[in-house]
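Because the structure is a prediction, the values reported are computed rather than measured.
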Amino acid sequence: MLPYHYEHNVRIRYAETDQMGVCWHGNYLLFLEEARGEALRASGAGSYADLEASGVMSPIVDVHLVYHKPALYDELITIHVYVEEPVRSRIRFRYELINPKGEKLMDATTDLAFINAKTHLPCRPPLAFRKCFS
């Protein structure tokens with residue numbers, strides 16, 4: 001059922017920061033992947049493992065990140081994950097990352113395509129995705 005919203009928390013670990021205690025920019029993609037995976041499980045669409053077991057893969061075909069403020073060491077950030085458009089041969093996830101003070105750290109989107117695992121050609125998403133995100 002759309003729009004879909006899920007919240008996921010990530011604590012910024014020391015290893016993810018630079019000498020100033022600022023989270024390295026490349027780590028945000030990992031945070032988005034973690035939040036997206038948990039959002040899929042919570043939605044009832046299943047996990048990436050379930051998707052691949054059905055013969056469908058979902059590569060990322062577009063990423064857009066807008067940094068507003070840095071995440072800092074030991075902050076517990078909240079990642080809001082949204083699916084607002086019906087799923088077709090692609091699905092778009094929109095994200096907002098918020099720090100403990102309620103300040104927006106980032107806006108982001110990721111677009112994932114659905115492809116047949118054997119042919120690598122576009123395909124329809126599995127029924128569970130169509131039920132959850134239509």
Discussion item. With heavy-atom distances below 4.5 Å as the criterion, would you say the side chains of P126 and L51 are in contact?
Written reply: yes

Fill in: Side-chain donor/acceptor of Y6 to backbone N/O of A42, under 3.5 Å
no

Practice prompt. State, to 0.1 Å, how close D107 and H68 come at their nearest heavy-atom pair, and which atoms those are.
Written response: OD2-NE2, 2.7 Å

Discussion item. Do Y28 and V63 make a side-chain contact, defined as non-hydrogen atoms from C-beta onward lying under 4.5 Å apart?
Written reply: no

Discussion item. Around atom CZ of R13, are there more than 12 heavy atoms from other residues, nucleotides or ligands closer than 6.0 Å?
Written reply: no

Item to complete: Return the minimal non-hydrogen interatomic distance between I77 and N99, and the atom names on each side.
Response: CG2-CA, 4.3 Å

Worksheet item: Roughly how far, to the nearest 0.5 Å, is the CG atom of L72 from the OG1 atom of T17?
Response: 9.0 Å

Worksheet item: Under 3.5 Å, is there a donor-acceptor pair linking the side chains of R36 and Y48?
Response: yes

Discussion item. So, taking the atom named CD in E33 and the one named CD1 in I60, what distance separates them when rounded to the nearest 0.5 Å?
Written reply: 6.5 Å

Fill in: Aromatic ring pairing H5/H80, orientation class (parallel under 30°, perpendicular over 60°, tilted between)
parallel

Worksheet item: With respect to L32, which candidate in V10, N27, L97, V81 satisfies the side chain to side chain contact (heavy atoms under 4.5 Å, CB included) definition?
Response: L97

Fill in: Ring centres under 6.0 angstrom apart (Y95, F31)
no

Worksheet item: Which heavy atom in D111 sits nearest to a heavy atom in R92, and how many Å separate them?
Response: OD1-NE, 2.6 Å

Discussion item. Which label fits Y73 and Y14: parallel for a plane angle under 30°, tilted from 30 to 60°, or perpendicular past 60°?
Written reply: perpendicular

Worksheet item: Do P3 and Y82 touch side chain to side chain, with heavy atoms closer than 4.5 Å?
Response: no

Response to the item:
Separation between OG1 (T110) and CZ (R90), nearest 0.5 Å, reads 11.5 Å

Item to complete: Kindly compute the distance separating CD (E75) from CD (E103), expressed to the nearest 0.5 Å.
Response: 8.0 Å

Worksheet entry | Close side-chain approach of C123 to F114, heavy-atom, < 4.5 Å | yes

Worksheet item: Any side-chain heavy atom of D50 sitting closer than 4.5 Å to one from L40?
Response: no

Item to complete: Looking only at non-hydrogen atoms, find the nearest pair between A45 and F129 and report the distance.
Response: O-CE1, 3.9 Å

Item to complete: Please report the shortest heavy-atom distance between P70 and L105, naming the atom on each side.
Response: O-CD2, 3.6 Å

Worksheet, complete the sentence: In short, C23 meets I12 closest at the heavy-atom pair CB-CG2, 4.1 Å

Practice prompt. Go through the steps to decide whether C132 and Y4 satisfy the test side chain to side chain contact (heavy atoms under 4.5 Å, CB included), and finish with yes or no.
Written response: CA-CA 9 Å; C132 290; Y4 177 73; over 6 Å; no

Worksheet item: Is it true that atom CZ of R11 has more than 12 heavy atoms of other residues, nucleotides or ligands lying nearer than 6.0 Å?
Response: yes

